[in-house]
**Q** 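Have a look at the structure that comes next, please.
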Amino acid sequence: MKIEEKVKYFINEHHLLDKDKKYIVALSGGADSVCLLLLLKKLHYQIEAAHCNFRLRGDESYRDEEFCVNLCHALQIPLHRIHFETKEYAHLHKISIEMAARDLRYSYFENLRKDIQAEGICIAHHQEDCVETILINLIRGTGIQGMRGILPQNGHIIRPLLSIKRKDIEYYLQENKQNYVTDSTNLINDVQRNKIRLDIMPMLKQLNAGVVDNIYSTAQHLTEANCIINDAIKKYLTQHSIFSENEDFELHSGYKKIRTESIENFSSPEYLLYYILSNYDFSGSQIEQIYKNLHGKSGKVWKSNSYELLIDRENLIIKRRTEILDKTIKIPEPGTYVFDETSKVIINNIPIYKGFQPSKTAQIATLDADKVKMPITIRLAKLGDRFQPFGMKGTKLISDLLTDLKKNLFEKQQQLVIEDAKGNIIWVVGIRTDDRFKIDSKTTNILKVEII
């Protein structure tokens, strides 16, 4: 089968491209991306090219850029270009040059895709790239997900060349008398992928000439097996109430709660946990530790880039990772005040009236205004805070109250209190007021505090 037919069949088999839509081709100037550009043009897809100059190889970087400019001009394909200060970005974010280049490249491609209203971004990964990725994942330690290698499509990233090998690409370019540029850094075994490509793959081919086909075929079988496993998990999740979700989870203060019992009732609890938690950026090693600590001491926390997970009794609690800010506001007199991006505080001083009933609403406190010394301060609860809970004679640590109410660590960290000018805590917000400031038969004025 000719390369064009092979790629065309692969595109159709996986429903990768639509001739009525526009696509970006990531063009480095190397053999793989040049082949991809020619093939998609020959197959009559709507394409525009994008080239990134990472300024890492001196004159060679500008040579590659110039090559892409001339190639796209000759083929009458629009070209988008960008220059990056890659070393500075890597230093600023404390990551490797390779990771910095990847972050910059894919962020630019996605922004460009939105700007020109393209459907997807075509990347020139081929079979050897897929096999190298599998080997890298094996070296790092991986589950079945990592053994799938590179997928034909991941979101807006599309890989139409996964069905062909590097030698097919070189043959196609030679047949079409099309030159390309070579990145000299790819010829030095100084990074993991290069070592696999230059050192390990030749040795594996000596053991078995068909090693690329065999590993790639195994990856395809594991992809199918993974689909079966995922279908079983989805069915289990549908049939069992594993999650309870706070309505604000996708915003700022909410959380998801997972019952550990539901995890353990699945045929493969650790894999189910991996399936769930990998969606929240937790690594395989973190998930392994979380699984081992399912019945460990409450209060243990793990953090991914975007989320935090807490073991709390028989539950796992997930929330978005946010910095715990020192939320403090001083209120000198009645009025409406902005507390944070989502909350307001309304203070009213009201003369008592016949038939008045103290508030039973969690977000509203009604107190004896004459007992409260202004200004009042709203702040986060801290260690050692005490108050006299409504209906009690003695004082109690707020931390003990929250524990009695089975508040989890995340809730404790966000608990607000209001204190008066004398430092007396008059309200543990949303939970209980202080008995010393309650409304009684001698009350003439009501201090109404509302947080919305």
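These values consider heavy atoms only, across backbone and side chains, with no hydrogens, waters or symmetry-generated copies. Computed from a predicted model, the values in this text were never measured in an experiment. The first residue in the sequence is number 1, and the count goes up from there.
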**Q** Decide if atom NZ of K94 counts as having more than 12 heavy atoms of other residues, nucleotides or ligands within a radius under 6.0 Å.
**A** no
**Q** In plain terms, say whether R102 and E98 are close enough for a salt bridge, that is, a side-chain N and a carboxylate O under 4.0 Å apart.
**A** no
**Q** Looking at CG of L416 and CD1 of I329, how far apart are the two atoms once the value is rounded to the nearest 0.5 Å?
**A** 11.0 Å
**Q** Do S306 and S304 meet the criterion of a side-chain donor-acceptor pair at a distance under 3.5 Å?
**A**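 No pair is found: no donor N or O on one side chain lies under 3.5 Å from an acceptor on the other.
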**Q** Determine whether more than 12 heavy atoms belonging to other residues, nucleotides or ligands lie under 6.0 Å from atom CG of D404.
**A** yes
**Q** Taking all non-hydrogen atoms of both residues into account, name the closest pair between R379 and E419 and its distance.
**A**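 Of all heavy-atom pairs spanning R379 and E419, the closest is NH2-OE1, 3.2 Å.
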**Q** So which heavy atom on K407 is nearest to which on E411, and how close?
**A** CA-OE1, 3.3 Å
**Q** Salt bridge check: are K257 and D312 linked by an N-O gap of less than 4.0 Å?
**A**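 Result for this pair is no, no salt bridge flagged.
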**Q** How close do P160 and L16 get, counting heavy atoms only, and between which atoms?
**A** CA-CD1, 4.1 Å
**Q** If you round to the nearest 0.5 Å, how far is NZ of K319 from CG of N408?
**A**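 It comes to 9.5 Å.
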**Q** Within the 3.5 Å criterion, strictly below it, is a donor on R81 or H51 matched to an acceptor on the partner's side chain?
**A**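 Side chains of R81 and H51: no pair found under 3.5 Å.
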**Q** Side-chain donor-acceptor pair under 3.5 Å between H240 and E261, yes or no?
**A** no
**Q** At their closest point, which heavy atom of Q286 faces which heavy atom of W302, and how far apart are they?
**A**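 Minimum heavy-atom separation between Q286 and W302: O-NE1, 4.3 Å.
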**Q** With a 6.0 Å cut-off on ring centres, are H221 and Y216 close enough?
**A**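 Between H221 and Y216, the centre distance exceeds or equals 6.0 Å.
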**Q** Would you say R159's side chain and L151's backbone share a donor-acceptor pair under 3.5 angstrom?
**A** yes
**Q** Just how far is it from atom OG1 of T328 to atom CD1 of I378, taken to the nearest 0.5 Å?
**A**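 It comes to 10.0 Å.
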**Q** For Q174, does the CD atom have more than 12 heavy-atom neighbours from other residues, nucleotides or ligands under 6.0 Å away?
**A** no
**Q** To the nearest 0.5 Å, what is the distance between CZ on R148 and CD on E224?
**A**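 It comes to 11.0 Å.
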**Q** Count the heavy atoms of every other residue, nucleotide or ligand shown that sit under 6.0 Å from NZ of K8, and state whether that count exceeds 12.
**A**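 Counting neighbours around NZ of K8, 12 or fewer heavy atoms of other residues, nucleotides or ligands fall under 6.0 Å, so no.
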**Q** Could you label the plane-to-plane angle of the Y23 and Y45 rings as parallel, tilted or perpendicular, counting under 30° as parallel and over 60° as perpendicular?
**A** perpendicular
**Q** Would you say H80 and E48 are linked by a side-chain donor-acceptor pair, where the criterion is simply a distance under 3.5 Å?
**A** yes
**Q** Check the pair H14, Q153 against side chain to side chain contact (heavy atoms under 4.5 Å, CB included), reporting the backbone distance first and the verdict last.
**A** CA-CA 8 Å; H14 294 279; Q153 185 165 0; over 6 Å; no
**Q** Which atom pair, heavy atoms only, marks the closest approach of I134 to A219?
**A**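 Heavy atoms of I134 and A219 come nearest at CD1-CB, 3.5 Å.
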**Q** Taking the side chain as every heavy atom from C-beta outward, state whether Y291 and P269 have any atom pair closer than 4.5 Å.
**A**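 The answer is yes; the side chains approach within 4.5 Å.
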**Q** Run the numbers on Y62 and H83 for ring pair (Phe, Tyr, Trp, His ring centres under 6.0 Å), then give the verdict.
**A** CA-CA 10 Å; Y62 292 93; H83 289 198; 5.7 Å; yes
**Q** Is it true that R55 and E85 have a side-chain N and a carboxylate O under 4.0 angstrom from each other?
**A**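 Here R55 pairs with E85 in a salt bridge, since their nearest N and O are under 4.0 Å apart.
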**Q** Would you compute the distance between atom CG of L135 and atom CZ of R193 and round it to the nearest 0.5 angstrom?
**A**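 Reported value, rounded in 0.5 Å steps: 9.5 Å.
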**Q** With a 4.0 Å cut-off on N to O distance, would you call R166 and D129 a salt bridge?
**A**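 Between D129 and R166 there is no salt bridge, as every charged N stays at least 4.0 Å from the carboxylate O atoms.
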**Q** What do you reckon, is CD of Q239 surrounded by more than 12 foreign heavy atoms closer than 6.0 Å?
**A** yes
**Q** For L207, I'd like to know if atom CG has over 12 heavy atoms of other residues, nucleotides or ligands within 6.0 Å.
**A** yes
**Q** So, E119 versus H156: side-chain donor-acceptor pair below 3.5 Å or not?
**A**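 Looking only at side-chain atoms, H156 and E119 do not form any donor-acceptor pair under 3.5 Å.
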**Q** Hey, which of I258, L277, I287, V301 is the one that makes side chain to side chain contact (heavy atoms under 4.5 Å, CB included) with L309?
**A** L277
**Q** Side chains of T361 and E450: does their closest heavy-atom pair fall under 4.5 Å?
**A** no
**Q** Without hydrogens or angle criteria, can the side chains of E60 and S184 be said to hold a donor-acceptor pair below 3.5 Å?
**A** yes
**Q** Could E5 and K2 be called an ion pair, given the rule that one side-chain N must be under 4.0 Å from one carboxylate O?
**A**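 Answer for the salt bridge query: no.
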**Q** Treating S61 as the side-chain partner and R57 as the backbone partner, does any N or O pair qualify as donor plus acceptor under 3.5 Å?
**A**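 Checking the backbone N and O of R57 against the side chain of S61, a donor-acceptor pair under 3.5 Å is found.
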**Q** So, using ring-ring contact (aromatic ring centres under 6.0 Å, His included) as the criterion, who are the partners of H91 when residues are at least two apart?
**A**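 Residues passing ring-ring contact (aromatic ring centres under 6.0 Å, His included) with H91: none at all.
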**Q** Around atom CD of Q76, are there more than 12 heavy atoms from other residues, nucleotides or ligands closer than 6.0 Å?
**A**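 Not buried by this count: 12 neighbours or fewer within 6.0 Å.
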**Q** Please report the interatomic distance CD(Q289) to CG(L294), rounded to the nearest 0.5 Å.
**A** 11.5 Å
**Q** Any side-chain heavy atom of I452 within less than 4.5 Å of one from Q363?
**A** no
